[in-house]
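Below: one structure, written as structure tokens.
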Amino acid sequence: MKLPKVYEPSLYEADIYALWEKSQAFLPRKTGKSYSVVVPPPNANGNLHLGHAITLGLQDIAVRYHRARGERALLLPGADHAGFETQAVYENFLAKEGKSRFDFTREELYSNIWDFVAQNRDNYQGQFRRLGASVDWSRHSFTLDEKIVKRAYATFRKMWDEGLIYRGERLVNYCTFHRTGFADIEVIYKEAKTPLYYMKYGPFTLATTRPETKFGDTAVAVHPDDERYQKYVGQVVEVEGVNGPFTVQVVADEMVDPNFGTGVVKITPAHSFDDWEVAQRHNLPAKRIINHDGTLNHLTGRFEGMTVLEARRAVVAALKEKDLLIKVDENYQNRMGHCYKCDTIIEPMLMEQWFVDMQPLAKPAIAALQAGKIAFYPESKKTQLITYLKNLRDWNISRQIAWGIPIPAYQNVDDTDDWIYNADDLTQEIIEKDGKTYRRDPDVFDTWFSSSSWPYATLNYPDDADYKDFYPLSLMETGFDILFPWVSRMLMLGLYVTNDAPFKAVYLHGLILDEHGQKMSKSKGNVVNPMDIIDEYGSDALRMGIITGMSAGNNQPFGVPKVISARNFANKLWNIARYIESVIPRAPQGEIIPRTDADHWILSRLDTTVTTIADCLDAYHFSEAYETLYHFVWDDFADWYLEAAKAEENLPLLALLLQSILKIAHPFAPFVTETIWQTLNWAPDTLLAITAWPEDLPEYDKKRVSSFTELKIIVTEIRAIAKAVGIQKMEASYAQSPLIADNQTLIKRLARLGALTEVTEGQGVQLTQTKEHVWLTIDYSAARHYTDTLAGEAASEKAAIERLEARLNNKNYTEHAPKAIVAESQAQLQAAQDHLQAIEQEIARFQTS
RNA sequence: GGGAUUGUAGCUCAGCUGGCUAGAGCGCUUGAUUCACAUUCAAGAGGUCCACGGUUCAAGUCCGUGCAGUCCCACCA
């Protein structure tokens, strides 16, 4: 036998993937309807986690299914340079060597990180393969590939020309550790207790959490309707400070909550988002007092050089000394922004950056969503996306890091307001144009700016055949956590650049939690590495285990028991093939026609299963599709059909059934099914991966399907009675039953009967679940347990009959409900009555004997 | 403050457009080792579908309210 007893995935998976690759199985067909998916690019420097496993798993199921349907299916792989993310990793690496990024020029740093990433590049590609992703490697893209960079520049240019890009001095979320600005969406807000200091401030007392910023104050604000302070509004007041007296203007602004603190707020426009807004409204100057490294500058006098926190302590001490500190509220809860990478408190910093005017981009996106142009799984995420887009503010796309795509803009050294677009030779730091000297913007794009064009940039927009063939994408599958940062931007830029929404459907999976529903994190030590799971249980088991009981948008705990169950299922497929191989050693021959009742029944079940799985996958109900497959293969085929077929074999049909099972199981368990296909080698030099979905299955006879259903009922009841009375190898008899007469061998085998004989009048216990006349030879004293069971069944049937009668006596029901439903109820009532009658007869027989 | 979402067996979850006598995996009980598989087979136990109200012939499924939880967004010093 070619197939060993237990399926050992690690012995086959690598070879099978290599075979697919060598055979170019994943190149799209030249013809057929297009089905295209682009993989959300993982960080080129990192390892894949379970989130990637689910994305690749779901996409691969969809793509393999559509490939089998004869479509021109493409799964395009790629990787992300992941600008700031990767640079942060590299900085940690440098720190271990006692170095910092500030020891290098931008060019050196870029080239070092390039090498650093290149070293790890095989990593994720190997992991794609281990996950069985049927990607077309010839179309692999990296976010720093020339075509992606050029696309980012072209988009920037278009926005520049159309006035959507502007350079502005604005408050920016700034991390003083990483020394770069962030988009709003990259900031993590956390609740924390921060002391609220009440201090004397000229004629006022005011409350602040940030006394150290008072050197940057240019005003003090009160609510316009606050009678306490009316007389000061519009005046300039003198304030005694720790560095001596200074003056500020008093302004009235709605922003102030008269009930908070003392109803007076000091205004520091350069270091607070609220204050900046106030300053804009009242035309107040902004005074920067914090350096990019997080220390205070020369405007703070003796506090210069201190970090913000050091300065806070020092200023508070100084205030105390000068008797300016009134009190401190230690219980104040405050929300503060943190760097999502290093947790440093985000410092609002006044900086010149490139911004994208978002509302002109958001509006078409909202319209497309509202018009229902994109299907969302789950649907509710669409509503959330619309809400997000409606409130979207301008996007800061400048990052002060080296690892990224340089912004193609140059500034006139003599006129800071004169910027020109130039993407021709960005290696030049200085260029001359029209007799003027320009210096390159040292910043790079936010990674999301370039990755937003991923769907069409990877397909070589605008002229390439790929773009024409595969855009828009059929499906975008990713985690719901990047709905806002990525999906929203792909949608907006896709519409802006190509005039077409970039995908037809968006499927969002939830977070993968640990077995106890806890978030996975390095600090908790509960992170599961998908590669470890593959090592232990196999790639197919990981894939099927992860989609078991999964639904779109909901978080899901990762459970090893589900993986084990899936591993067992893979083994089941293996052993089904092993058995069939033992009866069909070589390529099968002969006419495929159903002969037995079991043959007709299994063909009917296969027909339903193939259709159900297709419907589920068309609707992206992955979990339901898998469950349908699982129960068909295990319950129907292995437990019933194979056992029945042992009584009477139909080898050509058996072979067809195995082949059909391998085909429909392949998207869910690509490795084990292909391994079986190759090992059996019934169709030499073919790949299951590019073999067609089952079609044109043999016809079956519905009457004979019902016959087998009846046989199943009989067998099951005999087994149950045998169990209830604790007797094995019982003897049975039957009367006036062609069905049983024709299937004696089968029944004896499946019900494990010692004998089955035809009689005119039977003795012992009569079956109640079937209309066929069947008796089990048991003396009544041995069957006492069984009478209890019957009594219980009688009670539940009576209840069912009452319920059904009540329903059918209700005229509203019979008149309003669809006829088919009413007919069904009537049939159910009839069946219940028949069954009850049979049970009662049996009970009566026990009582009289 | 605004928005979304969850509450179904001991555990983790399915249940799409209302027809359910409510399912799965794991766990649990009982029995089976001869011929594909103990990563197995057979038979079972286990649920007022969070609560209350409404719509409907019919509600786990739709609507409202409440209770409990989760997430996202938002400028309170």
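Every chain is numbered from 1 and lettered A, B, ... according to where its sequence line falls, protein lines coming before strand lines.
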Nearest-nucleotide pick for Trp634(A), side chain only, options being A32(B), U39(B), U40(B): U40(B)
Pair of N/O donor and acceptor under 3.5 Å linking C37(B) base with Lys572(A) side chain: yes
d(CG, Asp636(A); C1', C41(B)) in whole Å: 16 Å
Sugar-phosphate only, base, or nothing, as touched by Val264(A) at under 4.0 Å among non-hydrogen atoms: nothing
Sugar-phosphate, base or nothing in reach of Tyr388(A), heavy atoms under 4.0 Å: nothing
Residue Ser551(A), side-chain atoms from C-beta onward, closest of C26(B), A14(B), A4(B): A14(B)
Ser825(A) and Tyr813(A) side chains, donor-acceptor separation under 3.5 Å: yes
Residue matched to C62(B) through Watson-Crick or wobble contacts both under 3.5 angstrom: G54(B)
Sugar-phosphate, base or nothing in reach of Asn810(A), heavy atoms under 4.0 Å: sugar-phosphate
Closest-nucleotide ordering on RNA chain B, the 5'-leading residue of Ser380(A) and Ile580(A): Ser380(A)
Residue whose nearest RNA chain B nucleotide is more 5′ - Gly263(A) or Tyr7(A): Tyr7(A)
Test applied, side chain to side chain contact (heavy atoms under 4.5 Å, CB included); reference residue, Lys381(A); option that passes from Leu508(A), Val487(A), Ile386(A): Leu508(A)
Given C37(B), A42(B), C57(B), the nucleotide with the shortest approach to the side chain of Asp639(A): A42(B)
Side-chain donor/acceptor contact of Glu379(A) with base of A4(B) under 3.5 Å: no
Touch class at under 4.0 angstrom, heavy-atom based, for Asn334(A) against every strand present: sugar-phosphate
Nucleotide of C26(B), A74(B), C37(B) approaching Arg335(A) most closely (side-chain heavy atoms): A74(B)
Donor-acceptor pair between Asp253(A) and His282(A) side chains, under 3.5 angstrom: yes
G-U wobble or Watson-Crick pairing nucleotide for G25(B) (cut-off 3.5 Å, both distances): C11(B)
Listed once per pair and sorted, the side-chain hydrogen bond (donor to acceptor under 3.5 Å, both in side chains) pairs that draw on residues 790-800 of chain A, sequence neighbours left out: Glu797(A)-His835(A)
Partner nucleotide, any strand, of A68(B) [Watson-Crick/G-U, under 3.5 Å]: U6(B)
C1'-based separation of A68(B) from U30(B) [nearest Å]: 39 Å
Touch class at under 4.0 angstrom, heavy-atom based, for Gln384(A) against every strand present: sugar-phosphate
Under-3.5 Å donor-acceptor pair between Lys562(A) side chain and A24(B) base: no
Sugar-phosphate only, base, or nothing, as touched by Tyr620(A) at under 4.0 Å among non-hydrogen atoms: nothing
Sugar-phosphate, base or nothing in reach of Arg719(A), heavy atoms under 4.0 Å: sugar-phosphate
His631(A), nearest nucleotide to its side chain (from C37(B), C75(B), G25(B)): G25(B)
Euclidean distance, atom CE of residue Met544(A) to atom C1' of A14(B) [Å, nearest integer]: 18 Å
Nucleotide forming a Watson-Crick or wobble pair with U33(B), both distances under 3.5 Å: none
Length of the CD-P vector between Glu581(A) and C35(B), whole Å: 17 Å
Of the listed nucleotides A36(B), U39(B), C57(B), the one nearest the side chain of Arg578(A): A36(B)
Arg803(A): partners by salt bridge (Lys or Arg N to Asp or Glu O under 4.0 Å), with sequence neighbours left out: none
Side chain of Arg752(A) (C-beta onward), nearest among A42(B), A36(B), U39(B): A42(B)
Watson-Crick or G-U wobble partner of G1(B), both distances under 3.5 Å: C73(B)
Within 6.0 angstrom of Arg393(A) CZ, more than 12 heavy atoms from elsewhere: no
Lys382(A) atom NZ, neighbour heavy-atom count above 12 within 6.0 Å: yes
Touch class at under 4.0 angstrom, heavy-atom based, for Lys5(A) against every strand present: sugar-phosphate
Glu624(A), nearest nucleotide to its side chain (from C37(B), U39(B), C16(B)): C16(B)
Integer angstrom distance from the C1' of G10(B) to that of C57(B): 38 Å
From U12(B), G31(B), U39(B), nucleotide with atom closest to Pro557(A) side chain: U12(B)
Nearest to side-chain heavy atoms of Asn554(A), which nucleotide of U39(B), U5(B), G31(B): U5(B)
